[in-house]
Structure formats: C-alpha cells, structure tokens
Amino acid sequence: FFEMYSKGESALVCGAFAGGTVLCLWVLSASSQSMLWATTTTPAPTTLTVGTSSRPVVRLGQSVSTARASYVAPRSQLGPEPGASFQDSTFRPSHLEKMTAGACLLVAGVLMFMWRKYQRSMKSPALAPLALNGNLPSGVSVYDPATPKHVSMAAAGGKKKGGKPKGKKKQEQLEKASKTAQRMDSTMRQFMFTIQGLSKEKNGNQILKDINLSFYPGAKIGVVGLNGAGKSTLLRIMAGEDTEFGGEAKPLFGASVGYLAQEPELEGKTVKDAIEPAVAKSREVLQRYEDLTMKMGEEMDADEMQKVMDEFDKCQQTIDSQNLWELDRIVERAMDALRVPPDDAECAVLSGGERRRVALCKLLLENHDLLLLDEPTNHLDAESVAWLEQYLKEFQGTVVAVTHDRYFMENVAGWILELDRGKGIPFEGNYGKWLEARKKRAEQEAKGDKRLQKAIDAELDFLRATPAARGGRSKARLNKYEALLDAQKSVEERDALAKSGSIYIPPGPRLGDVVIEADHLTKAFGDRLLIDDLNFMIPPGAIVGVIGPNGAGKSTLLSMMTGKQDPDSGSMKVGETVKMVSVSQSREELDGNRTVFQEITGEADFMNLGNVEVMSRAYVSWFGFRSNDQQKKVGVLSGGERNRVQLAKLLSSGANVILLDEPTNDLDVETMRSLEDGLLEFGGSVICVSHDRYFLDRVATHILACEGDSNWVFFNGNFTEYEANRKQRLGDQAIKRIKFRPLVQS
C-alpha cells in the first residue's frame, strides 16, 4: 500500500478509512443502546466524552462549543438508556445522519484509493501513457519522469541514499523490484517501441535529455526539429545502429524493425542483387509449393501423403494470405513507383539518390512491423512521393519518419514529435494542427519575439488557402518586380532587418528583358536523348521550379545555363545583364577545418547586402546558427547544417539570377520557411530544381517539367496547378520508370 502512495497520500487515505470506520461503529453501538453522550462543566475548552456503564470513559479529543455543553448528565442516566441530549436539541444529529457521514467518509477513502491506484498504474512504474489534452493517446505517449522507480540509478543519474540495504529490508526491495519489472513488462507488450530515460551527448553537447516515449502499433509519427536537434540520432538509436547512450530504447519483443539511413549501404553487385534478399523468404515458400506439387505425383503410403497434403495446404494458405502469386508484379510495381534504376545496373556506380531509392524499395518489400525513415522523400520526384504517401497511409505497421516535407506530414502523420533543446514534445495531429499548437506555445514562450509567430501565421494561412489562392500569391511577385528592385530601405528598416532573424537576399543589378531563353534545345547523354526540342523564356522576377524523375536531365539543364555544358543543337541564351550564382548539392567547396562563422563571412565584422549593412554574426544567425553554433567546425556539421552554410555563403553575393539544386534537402522547417520568405522578397529571378511540393507551391511562378520520353513542358503556374493541367492533358496515369527516346531512330 505504502509503495503506491507518498507519505501525505497514505496519511490522507488512512485517515479517511479510520474516520469512516469509527463513525460507523459508533453509530451502530449507539443504536444498540450501548453508548451515550456526556459533557463536562469545565468552562472551556469542553471535550466530548463517550462512555458506558461497564467501561471507563474514552476521550476522543473532539472540541464542543461551551454554549452547547451546559447540560450535565445525571449519574442515574449512566446505564442501558440512551445518553442525555444537549441543551440545543437541534445540534445532535440523528443515527441515520451519523451513519451517512461515516459511510461517505468510508466510500471517499475507497474511491480515492482506487483512483490513485489507477493513476499510478498509468504512470511510473507501470510505464503506460499519460493522457494528452484530456485523451489517452493513440500513437505516442509520454512517461512521467518525476519519480521513475523503474529506471536504474545509473540511468537516472543519481545515487541511492542510506547505504546498502541488509537482511529483510533488502529482500523486500528485491520483491518490490520484481513486481515492478513484471508490471513494466506486461505494459510494454502493448507498445511497438519503448524509450525510457534516453540521453545522448555528442561532442560535449547534450543532444537528447531524459526522453521517455512509447509508440503504439499502427501509429504514423513525423519527427521535426531544428538541424542538429538529434532527429537522425534518435532514429539510429531506435534502429540499434548507435549504442552509446544512457537509458533504454527497445522494440517490442519479436517485432521486425526496418531502418532507412540518409546514406544507406547496398549489398550486392547489381540492383537486382540488392533487392532480391527482401523477397527471398517469399520465393522459398513458392518454391516449396512447387516441390510439394511434384511430390504428390510420386508413390507413397497414406500417412506420408497426409503429411504432404497438410504441408501443401499450409503453403497455399501462406501464398494466398500474402498474395505471393503476384510477387514479381509487386516487386516490379515498387521499383517503377520509386524510379529504381534497371535490374542490371551496378550498385558501385549509382548516385546517392539512386542508392537511397534502391534501399527504400528493399525496405518496403521486407514488410517490417516498424519502419524508421530518415528523410524518405529526399531524391524522390513528386509522383514517387505521392505513391509513398499512399503506401504508408495503408501500411499496417508503425512508421517513425524524420522529414521536412510538409505536405507529407500533413497527409500521412497522425502524430508530430518535436525535438526541442533535448526534449521530446509529442502532439496528436497532422502538421497543420501542430502548427496551430506551436503558435500558441510560441506566444507563451517568446512574448517579445513576434517573428516566429508571424511566420507561423503566414504558413497557416497558406495551408488553409485554396489551390487557386496559393498560386495567385506567388505569381503576384511578377507584377511587382520593379517595386522589389527599387525598394530602398530606411535606416529604421535596415536596423529592423539586422535584428529580424529572417533570411534577406540582396538584389543584384536590374535585369533586362532577356534573362534565360531556350530555343529548340536538344541534349543527349550517351545513347539517351535527355531533352528534345525544348523552348522557354524566363521573365524578370520569375521563380521557376524544375521537376522531373531522377536522371531526366535537370542538373544537365542547369549546367547548360551556367555554360559548363553546351546543347547538341538549338541554343541556350543568357541575357547580358544577368549576374548568376549557383548553389549545388555537392557542398564540396566547403572547408571542413574552418568554423561556420569563418566559412560564411571570411571573418569580416560587417557584411554588405546590397544597400544594407548588417553585422556578420547577425547575418549568420539568420540561417539558424546562433551563439556557440557559429564556432562549430564545418566538418562536424550535419547534412542540413552544411546546406545552410552553403546557402548563407552564396546568397550574399549580390547576384540577380540564382540557380538552386535541391535547396530544401536536409533543411529544418523553420529555415525552409525563412528561405521561402527570402526568395519571395528577392528582386531577381530564381531557377530551382526541387521535388518539395510545398516549397514549389509557395514560391514558384512557373514549372519546367520533364514528362518522360524526352519531352519537357514550360508551364505558367505553381506545382498544384501544373499537376491539374498534366492530368487534364495526359490522364491519371500509373507511375512508371523514366524512359528516354533513343538518339538514333531505327
């Protein structure tokens, strides 16, 4: 009993039990005429005394008003008759009323005991989830770390007081620990994964701090947080890849866990060799079915035939339940949907994006109980992302995905887990609902900082807007290009900009009528015709999103714009007024031995951004590097942090045309939001290769899309408008691997 309660709670419950019991016994005795009331003539304080003719007086110590205690019971009444009444006859309650009061106290004690026991069973040490927002969670739960009796002293980071227990006390503690472990084990069986007291340090920094979480089967959880917050670290710990941590992290016993890393390793010489192990067990079942079919044609006795028939029926049930008759078609459909390279392509020569798609395809075909996905939409085109969304919606297992694709979290996630300053903060709902809750939290935590609240408000407005309204916002910048270019900021505006924390991209020289034009452009790579008869003209102030399957020629197109490659026929014309800067995916130009501040600013104290001069440290902070983060070595940064360094380094150059190749890869949501705002206010043109549909919907004024078979389309509108137009022209076609027109027609 005392293990379940604190000292104060124990005293309260015991008092309720004792009071209710005594009152009930008292009333029962009085009703059987074995108890009487009596008072004393002592001035004050007066006490209530109880006695019988056969027992000495027992003093309960309960004070009574002297005004009501003037009556003294005659000695002749001390007998079997009921005791004399008080002078005020209305004061003495009836036997029924006293019985009711005692029963109420007794019932209150019982109810309190049951309620507290239930609460304790839903917390430590039973390890069940807390109620969030008044409801029990259906996906993620948080444990109460206040008194984690189930956590070892080493995990809790403390020492046990009172020395080493001995004898009977030690035996009692061992029995208590055994009961706790049993309760913990029985409760954990309902969770697909349990995290208890998880802490992790890296390079002297506390990345994860005392996180307690569990995940129910079937939950779909999106993990968000700033770059460097520990999102990938959390997934590596859950996958068993990282074992250097404090606390516990373990899956449900017997559950199968699949993990997609940011840079996966492939086993096998070819793509087929890498994927085939995923379906090896299924093929064994099919092969055994064929072997049993052949064996039934052989001569054998009745008992042996019965055994073969039983095994044959079992195999057939397995094949039917898992739809293994369609195994080859399922594999082919998955490879097509994810744009996996051909079966005979060698793994050693695959690009990073191709390797990720092969690894993702293998992972999905393995049919795990728990999927841990680290940026699963990176290097996937829009059609593949849409297919993956639908697959994960229908997936029966649990999904924990680190992703910055906001449409993906909006459409798939039922829970959002935010990692903030080492803590795990769960929220039940998709991305839009989480934004609303995040806004309320920002209002409470940062009362003087209106920037974050304003940014969240803008994003909520965008999510709630109709597709037509979303497209109109980005295209409106075409009509105000001159205003964006000519805007001269006042001294007050410059000071506000320096303190705003938002990305500001300085405008370059005024663009002429010709920015970039393609005229009947054709380009081949080897025997594949990548681009055939492409025509487009980019106007001043346009933001063009370049989309298409991997390997379609998008990066080749950007190389022709910069002059690094020449078209095979036709022309790519760049205007005379164009001052161009290109931000690539490789990040090879970054020096890993320099600090973030040195790499971005060249150690200058101030930076000139057009007609605005800002402090260098303020500029670096716009890209999410604050205080000590600016002194980190570039070589130890995460992928998203290196991407931010490169963006900060090149966007300050004063160019009027910016080429971006997958700029949102590995960026956290807040930096992406700030980059979008900076691009919308930029007084120049942008050509951006991206598969982030949310990003393209918010900023793009035009879409340049590869639609397969070497055909490209230049469309006036954002991504959602382009998709509607494509389906109207081509119909809702099934997703297929990219095909190219042969260079020489046979």
Side-chain angles (χ1 to χ4, degrees), residues 189 192 217-218 239-240 250-260 264-348 350 354-355 357-373 384 387-388 390-399 734-737 739:
R189 290 174 187 169
M192 182 58 66
K250 53 187 177 183
L252 179 68
F253 180 77
S256 175
V257 180
Y259 171 54
L260 175 70
E265 296 292 332
L266 299 180
E267 297 180 0
K269 183 178 180 181
T270 65
V271 169
K272 184 177 181 180
D273 295 337
I275 292 178
E276 194 60 28
V279 293
K281 292 184 179 180
S282 299
R283 295 203 186 280
E284 289 176 2
V285 174
L286 290 172
Q287 184 61 48
R288 183 57 180 164
Y289 179 85
E290 293 182 5
D291 294 342
L292 292 172
T293 303
M294 298 295 295
K295 192 171 183 178
M296 285 191 295
E298 302 174 0
E299 294 185 3
M300 62 186 78
D301 58 35
D303 291 340
E304 187 176 0
M305 175 61 76
Q306 186 61 45
K307 291 180 180 179
V308 172
M309 291 292 293
D310 291 342
E311 186 178 358
F312 179 84
D313 291 340
K314 186 177 180 180
C315 282
Q316 187 166 12
Q317 290 175 6
T318 302
I319 294 172
D320 291 339
S321 63
Q322 299 180 14
N323 195 24
L324 298 185
W325 302 117
E326 300 287 332
L327 182 61
D328 290 333
R329 186 168 173 269
I330 291 171
V331 173
E332 183 180 1
R333 188 163 57 227
M335 294 178 69
D336 285 345
L338 296 172
R339 314 283 196 186
V340 173
D343 293 354
D344 56 353
E346 294 188 4
C347 295
L350 297 180
E354 290 172 327
R355 297 173 70 87
R357 295 198 302 278
V358 173
L360 180 58
C361 181
K362 176 178 180 291
L363 186 69
L364 298 183
L365 289 171
E366 287 172 340
N367 198 24
H368 293 284
D369 300 311
L370 170 62
L371 293 178
L372 306 174
L373 308 177
S384 296
W387 179 88
L388 181 61
Q390 188 62 33
Y391 176 88
L392 294 179
K393 277 183 183 179
E394 299 173 357
F395 179 62
Q396 297 298 313
T398 303
V399 179
I735 187 170
K736 296 180 180 179
R737 274 181 274 189
K739 294 183 179 180

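Small disclaimer: the values here were computed from a predicted structure and weren't measured.
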To check you understand the geometry: which heavy-atom pair defines the closest contact between [X] and [Y], and what is its length?
{"X": "Cys315", "Y": "Val285", "result": "O-CG1, 4.3 Å"}
{"X": "Cys347", "Y": "Ala274", "result": "SG-CB, 4.2 Å"}
{"X": "Pro217", "Y": "Thr398", "result": "CA-OG1, 3.2 Å"}
{"X": "Gln396", "Y": "Glu394", "result": "NE2-O, 3.2 Å"}
{"X": "Ile330", "Y": "Asn323", "result": "CD1-O, 3.9 Å"}

Mind checking the [atom1]-[atom2] spacing from [X] to [Y]? Nearest 0.5 Å is all I need.
{"X": "Asp291", "Y": "Gln287", "atom1": "CG", "atom2": "CD", "answer": "4.5 Å"}
{"X": "Leu388", "Y": "Gln390", "atom1": "CG", "atom2": "CD", "answer": "10.5 Å"}
{"X": "Lys314", "Y": "Glu311", "atom1": "NZ", "atom2": "CD", "answer": "8.0 Å"}

Inset, instruction - Answer yes or no: does atom NZ of Lys281 have more than 12 heavy-atom neighbours from other residues, nucleotides or ligands under 6.0 Å? - result: no

Legend entry - By ring-ring contact (aromatic ring centres under 6.0 Å, His included) - contacts of Tyr391 (at least two apart): Trp387

Inset, instruction - Only counting residues at least two apart or in another chain, list the ones meeting ring-ring contact (aromatic ring centres under 6.0 Å, His included) with Phe312. - result: Tyr289

Legend entry - Under 3.5 Å: donor-acceptor pair, side chain of Arg355, backbone of Leu350: no

In a table with atom names and distances, give each donor-acceptor pair under 3.5 Å that connects a side chain of residues 298-307 to protein atoms at least two apart or in another chain.
| residue | atom | partner | partner atom | Å |
| --- | --- | --- | --- | --- |
| Asp301 | OD1 | Asp303 | N | 3.4 |
| Asp301 | OD1 | Glu304 | N | 2.7 |
| Gln306 | NE2 | Asp310 | OD1 | 3.0 |

Kindly list each side-chain donor-acceptor pair under 3.5 angstrom involving residues 360-373, sequence neighbours excluded, with atom names and distances?
| residue | atom | partner | partner atom | Å |
| --- | --- | --- | --- | --- |
| Lys362 | NZ | Glu366 | OE2 | 2.5 |
| Glu366 | OE1 | His368 | NE2 | 2.6 |
| His368 | ND1 | Ser256 | OG | 2.5 |
| Asp369 | OD2 | Ser256 | N | 2.9 |

Legend entry - Residue pair Arg288 / Leu292, side-chain heavy-atom distance below 4.5 Å: yes

Inset, instruction - Could I get the full list of side-chain hydrogen bond (donor to acceptor under 3.5 Å, both in side chains) partners for Thr270, not counting sequence neighbours? - result: Asp273

Inset, instruction - Applying salt bridge (Lys or Arg N to Asp or Glu O under 4.0 Å), name anything that partners Asp328, two or more places apart in sequence or on another chain. - result: Arg283

